[in-house]
> 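Dumping the structure here so I can ask a few things about it.
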Amino acid sequence: MAGKPKTPCPDDVHPRTAAVHHGTRRSQYGEMSEAIFMTQGFVYDSAEQAEARFLESGPDEFIYARYGNPTSRMFEDRMSALEGTEDAFATASGMAAVNGALFSICAPGDHVVAARALFGSCIYVLDLLAKFGVEVTYVDGTDLDQWAGAIRQGTRAVFFESVSNPGLEVTDIKAVAELAHAAGAMVVVDNVFATPVFSRAVELGADVVVYSATKHIDGGGRALAGVICGTRDFIRKTVEPYVKHTGGAISPFHSWIMLNGLTTMDLRVRAQADTADKVARAMQGNPHLSRVVYPGLADHPQHELAMRQMGAGGTMIALEVAGGKDDAFAALNRLRIVKISNNLGDAKSIVTHPATTTHQRLSDEAKATLGISPGLLRLSIGLEDPRDLIADLTQALAG
Ligand SMILES: *Cc1c(COP(=O)(O)O)cnc(C)c1O
């Protein structure tokens, strides 16, 4: 068993420093940039060494890229430093992370409580758990009485998006974690909209934090990736066996993209959130909009919670076009800078019409419950000049 790998970064630095340096492992060549170890396997000095490594491998000893890879390990170490967990496991996508966290925790007969306002694919994973004998209870994530009513002694886990997609409802991590822990349940948070920059999820009581790294961590819309952050025991004994045997491994090349994304993430996400705040304020009072939903605005139902929990409103805005679907589509088709797409957290601003794209599969009733009206637009704010974004949205809405 090898000792702790040398990382050229002290443990007690601030997140921006950790995001640049933490987890870097230099080869014998002393390369400055993180190396891409584009290898599926590793060569052993002897049969005895191979045997020993399969019995127990140390933190910088590798067997097979589906189990772990030096470039991916750098990304995992950097993420766990940022999130404040002991360890992390990187996956091929955000959904591989959600699937990996929930399926590795649950067994038939277990009970899970989840917030209703979830990304469509997360609902698919919960339906799959139900198919395999896990009982799933849905609650309104913003209503603590519903959480208290649904969580019972022996509940295995609770799962929610700390800020929901696309309605931007904010769930009180600390309050839900207190209820969950009193019943012995694990708290699993999908923290994509909060981003690692504004995350205090672990400090507030989350046991497991999952990210789609495809979003703000990449920040350039280049590659799919995900990561599960948690205690060393949970990551290595529960998550790793599940993900490594079921094939959700990340590519070393994608880990390298994410490592590079992390070095600029703090600057990007703060700039994007500042711009989102400006855009949301500029959209308030626009006669073509019936609603402007942004956690940073005082009229957001969980504004104070959002500020306490994240210290910022985030990079996402929801706008409801008063004239419904036709006017919403007309506005989308007039945009000159903001792109019609369905990623988020990108340097390029992106607008999505959830009712007909990301949330198309939901019934009209489910859409209505989640506030996904025919006029709703989800806006992901990028790195453009806020004045250009405000002008573009204003002209597109005015028609
Ligand atoms: C995008 C997203 C996911 C899934 O991530 P992929 O990288 O696309 O697999 C999960 N949860 C939330 C909240 C997301 O926005």
Side-chain angles (χ1 to χ4, degrees), residues 72 75 79 83 88-103 114-129 141 158-171 173 188-199 201 206 208-229 243 246-251 253-255 257-258 261-262 265 269 272 276 295 306 310 314-318 341-346 350-354 357-362 370-372 376 378-382:
S72 299
F75 171 47
M79 272 310 303
E83 205 53 40
F89 202 87
T91 56
S93 67
M95 284 321 303
V98 171
N99 175 46
L102 293 177
F103 263 83
R116 201 171 287 130
L118 288 178
F119 185 64
S121 303
C122 294
I123 296 174
Y124 185 89
V125 170
L126 289 166
D127 286 347
L128 211 52
L129 280 173
V158 302
F159 176 64
F160 56 92
E161 292 171 5
S162 49
V163 180
S164 75
N165 174 15
L168 307 179
E169 292 176 355
V170 185
T171 291
I173 300 174
V188 184
V189 178
D190 179 335
N191 215 27
V192 169
F193 278 42
T195 82
V197 175
F198 299 130
S199 171
V208 181
V209 184
V210 296
Y211 284 104
S212 164
T214 316
K215 314 293 169 54
H216 303 83
I217 294 174
D218 177 326
R222 294 163 291 198
L224 286 169
V227 64
I228 307 168
C229 305
V243 179
T246 56
I250 189 171
S251 156
F253 181 58
H254 286 196
S255 291
I257 290 174
M258 299 305 152
L262 284 177
M265 178 181 64
V269 166
Q272 285 166 277
M310 303 195 292
T315 68
M316 304 294 296
I317 304 171
S341 189
N342 40 262
N343 190 22
L344 60 97
D346 196 308
I350 289 172
V351 68
T352 310
H353 184 252
T357 61
T358 51
H359 293 69
Q360 192 190 113
R361 272 190 337 121
L362 297 183
L370 300 179
I372 304 173
L376 190 79
R378 185 190 78 185
L379 194 58
S380 167
I381 296 296

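One-based numbering, in listed order, for ligands and for the atoms of each.
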> Please tell me whether N191 and S162 have a donor and an acceptor in their side chains that are separated by less than 3.5 angstrom.
yes

> Please report which non-hydrogen protein atom sits nearest to atom 9 (O) of ligand 1, along with the residue it belongs to and the distance in Å to one decimal place.
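Nearest neighbour among protein heavy atoms for atom 9 (O) of ligand 1, to 0.1 Å: M95 N, 2.8 Å.
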
> Return the option from N99, D190, N343 holding the heavy atom at the smallest distance from atom 12 (C) of ligand 1.
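The option holding the nearest heavy atom is D190.
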
> For A117 and E169, which heavy atoms make the closest approach, and how far apart are they?
CB-OE1, 3.7 Å

> Measuring from atom OG1 of T195 to atom OH of Y211, what distance do you get when rounded to the nearest 0.5 angstrom?
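Output value for this atom pair is 6.5 Å.
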
> Check ligand 1 against K215 and write out every atom of the ligand that is under 4.0 Å from a heavy-atom position of the residue.
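Numbered from 1, ligand 1 contributes 1 (C), 2 (C), 3 (C), 5 (O), 14 (C), 15 (O).
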
> Using heavy-atom distances, let me know which of N165, V98, L224, D218 sits nearest atom 8 (O) of ligand 1.
L224

> Numbering the atoms of ligand 1 from 1, which are under 4.0 Å from a heavy atom of F193?
15 (O)

> Give, for atom SG of C122 and atom CG of L102, the distance between the pair rounded to the nearest 0.5 Å.
8.0 Å

> For the residue pair N342 and I350, establish whether any side-chain heavy-atom pair is separated by less than 4.5 Å.
no

> Atoms of ligand 1 less than 4.0 Å from E161 heavy atoms?
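By the 4.0 Å cutoff, the relevant atoms are 13 (C).
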
> Output the distance between atom CD1 (I123) and atom CG (L118), rounded to the nearest 0.5 Å.
5.0 Å

> Starting at OG of S212, measure out to CZ of F119 and round the result to the nearest 0.5 Å.
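S212 atom OG to F119 atom CZ measures 7.5 Å (nearest 0.5 Å).
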
> Out of all atoms in ligand 1, which are within 4.0 Å of some heavy atom of S93? Include the element for each.
7 (O), 9 (O)

> Taking 4.0 angstrom as the limit and counting only heavy atoms of G94, give me the atoms of ligand 1 inside it, by number and element.
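What qualifies from ligand 1 is 5 (O), 6 (P), 7 (O), 9 (O).
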
> Please state which protein non-hydrogen atom is closest to atom 7 (O) of ligand 1 and give its distance, to 0.1 Å?
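The protein heavy atom lying closest is T214 OG1, 2.6 Å.
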
